[in-house]
Structure formats: C-alpha cells, structure tokens
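Everything below concerns the one structure shown next.
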Amino acid sequence: MSTDCVVLVGAGPLPELQMRRSAEALATGGKRALISHAAGESPHDVLRNVANQHVILRLSGDAARWHPQAGSWLEALADWNCPVLFLVGGDADGGIPGTAASYIALSQKLRVPLIGIAQVDGAWDTTARRQDQLPWCGWIPAANHPRHDDGRTALADVIRSGRLTASSARAAKPGQA
C-alpha cells in the first residue's frame with residue numbers, strides 16, 4: 001500500500017501548541033490540507049480514510065504506543081508506506097531529547113519511510129546535529145526568530161518534493177534538504 005499522505009509525528013515530548021503551530025506552518029507551505037488524529041484512534045481505519053488524499057496528517061500522541069486492535073501507529077505507517085517527518089523540540093542550549101534517536105531507530109527497524117527529523121524551536125547546534133547522526137532535514141525556529149520563515153519554507157519544500165532520507169547518517173544544515 002502507498003499513500004499520498006505525509007505524516008507528522010512528535011519524537012518525544014513536544015507540547016501540543018508547538019506541534020500544532022509547526023504542522024499548520026508546514027501544511028500551508030507544503031500546499032496540503034492539514035488533518036489531525038489522536039494516537040488512540042485505530043491507525044488502519046484512519047489511514048484507510050486518508051490514504052489517497054494530498055494531506056498532512058498530524059498525529060497527536062505516542063506513535064510507538066501499542067494499539068490493542070491494530071498494533072502501533074509506526075507499524076501501520078510502515079504497512080501503508082506513509083512518509084513520516086518526525087518533529088522534536090529543541091532546547092535553548094541546542095540539545096534535543098534522547099527519544100528522538102529512539103523513534104528514528106524503531107522506525108528504521110520497522111521500515112517506516114522516513115522523510116527525516118526536524119527540530120522545532122530551541123537553538124540549532126550544527127556540530128551536535130552532525131554528531132548524533134540522525135537524518136536531519138531542517139529546523140523551524142521560534143516564530144519570532146529571524147530565520148523562522150526560511151526554516152518553515154525549506155521543510156515545506158522537502159515535504160512538497162516527497163524526498164525521503166537516504167541515510168540515517170546524513171546531517172543536513174538547517175534549511176537544507
């Protein structure tokens with residue numbers, strides 16, 4: 001199965017408002033409608049309904065959590081061949097939570113088609129992003145940051161182009177795919 005739907009998933013603790021604002025910005029820039037569903041919903045039922053829609057699906061909640069009727073969302077995203085962009089909140093010192101690496105590792109094991117991972121807010125630490133060897137594809141700085149629009153536009157371009165990450169060792173500069 002394959003879909004025209006791109007899925008945004010939080011990779012660790014990402015406040016709802018931060019996730020929603022990022023998803024809205026990417027949907028607008030990527031020229032796709034935005035729909036939201038909760039991780040508690042049946043992944044296969046949701047994906048069956050949105051599979052052929054040119055949308056961004058924002059998943060609220062833990063995509064790795066086991067769903068009693070359908071396995072995890074990550075497994076379903078792999079089954080449906082849905083491209084996934086993980087969003088992770090950045091810290092003021094440029095750090096990111098360790099859950100980001102865990103989500104990427106599990107997704108690679110399940111063969112989820114990864115667009116990559118993007119940092120939301122916080123400071124961008126190019127050296128640290130290269131060292132962690134995660135498939136970075138950009139950064140969306142806070143709305144009041146002078147590079148906010150550039151970061152949002154670059155990530156929207158990645159979504160629009162449908163490019164998947166070639167390697168988990170790739171560490172792009174913010175704003176580049």
Before you tell me yes or no, could you show the steps for Leu85 and Leu114 under side chain to side chain contact (heavy atoms under 4.5 Å, CB included), namely the whole-Å CA-CA distance, both residues' side-chain angles and the distance that decides it to 0.1 Å? CA-CA 6 Å; Leu85 175 64; Leu114 290 177; over 6 Å; no

Looking at side-chain heavy atoms only, is the closest gap between [X] and [Y] below 4.5 Å?
X	Y	result
Cys137	Ile117	no
Val112	Leu106	no
Ile159	Leu155	no
Ile56	Val7	no

Any side-chain to backbone donor/acceptor pair from [X] onto [Y]? Under 3.5 Å, distance only.
X	Y	answer
Ser72	Glu75	yes
Arg160	Gly29	yes
Asp121	Ala142	yes
Arg58	Ser36	no
Trp73	Ala39	yes
Glu41	Pro43	no
His148	Pro141	yes
Asn49	Asp45	yes
Glu24	Arg21	no

Using every non-hydrogen atom in the two residues, find where [X] and [Y] come nearest and quote the distance to one decimal.
X	Y	value
Val55	Arg32	O-NH1, 3.3 Å
Ala78	Arg111	CB-O, 3.9 Å
Val120	Ser22	CG1-OG, 3.2 Å
Ala63	Val9	CB-CG1, 3.6 Å
Ala11	Thr99	O-OG1, 3.3 Å
Leu77	Pro113	O-CD, 4.1 Å

Does Phe86 form a side chain to side chain contact (heavy atoms under 4.5 Å, CB included) with Ser107? I'd like the steps, not just the answer. CA-CA 10 Å; Phe86 284 104; Ser107 294; 3.1 Å; yes

Which class fits the ring pair Trp124 and Trp136: parallel under 30°, tilted 30 to 60°, perpendicular over 60°?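 It falls in the perpendicular class, over 60°.
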
Could you state the interatomic distance from OH (Tyr103) to CD (Gln108), rounded to the nearest 0.5 Å? 15.0 Å

Can you tell me how far the CG atom of Leu34 sits from the OG1 atom of Thr28, to the nearest 0.5 Å? 8.0 Å

Can you list the steps and then say if Asp79 with Leu47 is a side chain to side chain contact (heavy atoms under 4.5 Å, CB included)? CA-CA 10 Å; Asp79 290 346; Leu47 294 172; over 6 Å; no

Just do the side chain to side chain contact (heavy atoms under 4.5 Å, CB included) check on Ile140 and Gln119 with the steps written out, would you? CA-CA 6 Å; Ile140 304 175; Gln119 181 178 316; over 6 Å; no

Sole candidate of Asp125, Asp132, Thr126 that passes side chain to side chain donor-acceptor pair (under 3.5 Å) when paired with Arg129: Asp132

